[in-house]
Amino acid sequence: MQVKTFTGSSSGEVIAQVKAEMGPDAVILGNRTYRKNGVICHEITAGLDRNTQPTPQTTDFSGFGNGGWGDWQKDWLKIKEQLYALMRPAIQMSRLTPRQRVALEYLQREGVSDSVSLDLYNRLLANPGSSILECLCEMVHVKPFGIEEWPQHIHLFTGPFGSGKTSTALRFALYLRKCDPSIRLAFVNTDCLRGNGRLLLRHWAELSNFIYLEAADEATMQTIIEKSAAVDLLFIDTQGLARGQNLRTYTANLGLDAKKNIAVHLTFSPFSNALQTQEFIQRYTTPFPTSLVWTKLDEAVSFGTLVNVSNEANLPISALSYGAELQDSFTPATEPLVWRLVFKRQIPGHEAAMNPPRSTR
Ligand SMILES: Nc1nc2c(ncn2[C@@H]2O[C@H](COP(=O)(O)OP(=O)(O)OP(=O)(O)O)[C@@H](O)[C@H]2O)c(=O)[nH]1
Ligand SMILES: [Mg+2]
């Protein structure tokens, strides 16, 4: 390992030196601040492993599941936290307008991560006069669920166990039926082993006059897809994936490849910590166009996680769900709905915000 110590008058300056000289793979081994001849000096010791294997990309799951990837991810998260802690002084609130400052401080209290805060701060400085919402809209994308925005023939619902996959698939189907009563839609359940979800989907699909099918293997799935020209849309409901599994392999095993016209909808509820969320994103990332569906918003008390995950995963939010029932508990996402949720904790359709936070206007 190559180890080197850098000094400078600010931590930001020293980090820039580390990056310039040792590159993005450098690891911070230690840091200290001291006074020399009355001047404050910042010192960072950084290391670079010359024999390091290439940084795992989101596409590389080779080390996944044997502990190595998970440990690496944990370490990297810690390093990132340290880096951002060092860079926090770089956020000089005094350089923002009072309105921007209040909004940024509020977001930080609501759980928006240091990296998102810093990114937002830099955007605000780079575009003087821009509003915080303008900058946030560049960082968190919204693409409301509907046929126009999501015209794919096949829609696959994925996400952690119990995150609301089946409910979301049914809500989406009922919503499309409401928009177009003549729509022909078939559900394919790939979760054929576990009883409850299977029964729930079958029950609701049949009750709502949708076709219900099951496919536990590639051959059955291929047959269904070949015949699916008879319907306008095919909705595939899947099961959650355990640690060590990933959606790329899961979809490949069902013969769902890039040649097929597929959209993926990833259901997430805003309760996981940063490490778990990051791991979920890796687990459920595929090359298919993907949306984020935020579920169980009625159970959450703050929504900073929405900003962190949507920004980090770089996936558009397509829908918001906020109730255990199938009816009146879901809406396609729009920017005003998302930002009212984040800034006012206002659940869509509910006029009054929960514990409206002070001074965000
Ligand atoms: N409070 C609340 N409950 C919800 C919401 N969405 C779904 N649920 C409930 O969460 C539970 C799990 O929902 P499902 O749709 O079965 O979740 P799933 O991801 O398909 O679950 P598995 O297939 O078992 O992994 C059910 O009791 C739903 O009623 C929501 O937005 N708010
Ligand atoms: Mg289910």
Side-chain angles (χ1 to χ4, degrees), residues 144-145 154-176 185-208 210 212-216 221 234-247 250-251 254 263-272 276-277 279-281 283-284 286 290-303 305-306 309-310 315 317-334 337-338 340-342 345-350 354:
F145 179 74
I154 301 175
H155 293 256
L156 182 136
F157 295 83
T158 188
F161 285 98
S163 59
K165 299 177 287 297
T166 305
S167 311
T168 299
L170 284 163
R171 285 172 183 140
F172 277 21
L174 293 169
Y175 171 75
L176 293 177
L185 193 149
F187 278 98
V188 186
N189 190 3
T190 63
D191 185 4
C192 300
L193 296 178
R194 294 174 326 125
N196 280 352
R198 184 180 175 209
L199 287 179
L200 179 89
L201 182 58
R202 181 178 199 136
H203 170 76
W204 277 103
E206 290 179 353
L207 204 67
S208 314
F210 295 121
Y212 173 85
L213 303 162
E214 290 184 352
M221 181 61 84
L234 202 60
F235 274 21
I236 302 178
D237 190 20
T238 63
Q239 64 205 62
L241 300 175
R243 201 171 57 207
Q245 296 181 311
N246 66 71
L247 189 63
Y250 188 86
T251 47
L254 287 170
V264 171
H265 303 286
L266 171 54
T267 53
F268 256 162
S269 39
F271 310 128
S272 303
Q276 185 64 60
T277 305
E279 207 283 325
F280 276 152
I281 293 170
R283 198 180 299 182
Y284 292 100
T286 62
T290 301
S291 87
L292 271 178
V293 179
W294 284 103
T295 60
K296 312 205 175 181
L297 299 173
D298 53 311
E299 294 182 48
V301 291
S302 72
F303 302 95
T305 304
L306 263 74
V309 177
S310 309
L315 296 176
I317 303 175
S318 67
L320 307 170
S321 111
Y322 38 83
E325 309 304 323
L326 285 183
Q327 305 285 348
D328 303 323
S329 56
F330 141 87
T331 184
T334 63
L337 287 178
V338 168
R340 253 180 253 147
L341 184 67
V342 172
R345 298 180 180 165
Q346 189 177 316
I347 300 287
H350 294 56
M354 302 181 287

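Indexing begins at 1, ligand by ligand and atom by atom, following the structure's order.
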Backbone or side-chain N or O of Thr168 under 3.5 Å from ligand 1 N or O: no

Applying a 4.0 Å heavy-atom criterion (strictly less than), which segment of Glu299 is in contact with ligand 1: side chain, backbone, both, or neither? side chain

Looking at ligand 1, does any of its N/O atoms fall within less than 3.5 Å of an N/O of Gly164? yes

Just checking, is any N or O donor in the side chain of Thr190 or Tyr250 under 3.5 Å from an acceptor N or O on the other one? yes

Does any non-hydrogen side-chain atom of Phe330 lie less than 4.5 Å from one of Thr168? no

Considering Ala324, Ser329, Ala169, which one's heavy-atom position lies nearest to atom 29 (O) of ligand 1? Ala324

What do you reckon, does Gly159 put a non-hydrogen atom under 4.0 Å from ligand 1? no

Tell me if the aromatic rings of Phe187 and Phe235 count as close, with their centers under 6.0 Å from one another. yes

Gln239 near ligand 1 by a heavy-atom separation under 4.0 Å: no

Is there a side-chain contact between Arg283 and Leu247, using heavy atoms and a 4.5 Å cut-off? no

Donor-acceptor contact present, side-chain Tyr322 to main-chain Leu297, <3.5 Å: no

Does Ser163 reach ligand 1, in the sense of a heavy atom lying below 4.0 Å from it? yes

Look at the rings of Phe268 and Phe280 and say which category their plane angle falls in: under 30° parallel, 30 to 60° tilted, over 60° perpendicular. tilted

Determine whether Thr305 and Trp294 make a side-chain contact, defined as any pair of heavy atoms from C-beta on separated by less than 4.5 Å. yes

If you count the atoms of ligand 1 from 1 in the order shown, which ones are under 4.0 Å from a heavy atom of Ser321? 6 (N), 30 (C), 31 (O)

Can you list the ligand 1 atoms lying under 4.0 Å from a non-hydrogen atom of Arg171? 5 (C), 6 (N), 7 (C)

Enumerate the atoms of ligand 1 whose separation from the nearest heavy atom of Phe161 is less than 4.0 angstrom. 25 (O)

Side chain or backbone, does Thr295 bring an N or O within less than 3.5 Å of an N or O on ligand 1? no

Main-chain N/O of Thr267 paired to Thr295 side chain as donor or acceptor, under 3.5 Å: no

Where the closest heavy atom to atom 7 (C) of ligand 1 is concerned, which of Gly162, Ser167, Pro160, Ala300 has it? Ser167

Taking 2.8 Å as the cut-off, does Thr238 contribute an N, O or S atom near the Mg ion (ligand 2), distance below it? no

Please confirm whether His155 and Phe172 have ring centers closer than 6.0 angstrom. no

Below 3.5 angstrom, do we get any N/O pair linking Gly240 and ligand 1? no

At a non-hydrogen distance cut-off of under 4.0 Å, which region of Tyr322 contacts ligand 1 (side chain, backbone, both, or neither)? backbone

Donor-acceptor check, side chain of Arg171 to backbone of Thr331, threshold 3.5 angstrom: yes or no? no

Where on Thr166 is there a heavy atom closer than 4.0 Å to ligand 1, on the side chain, on the backbone, on both, or on neither? both

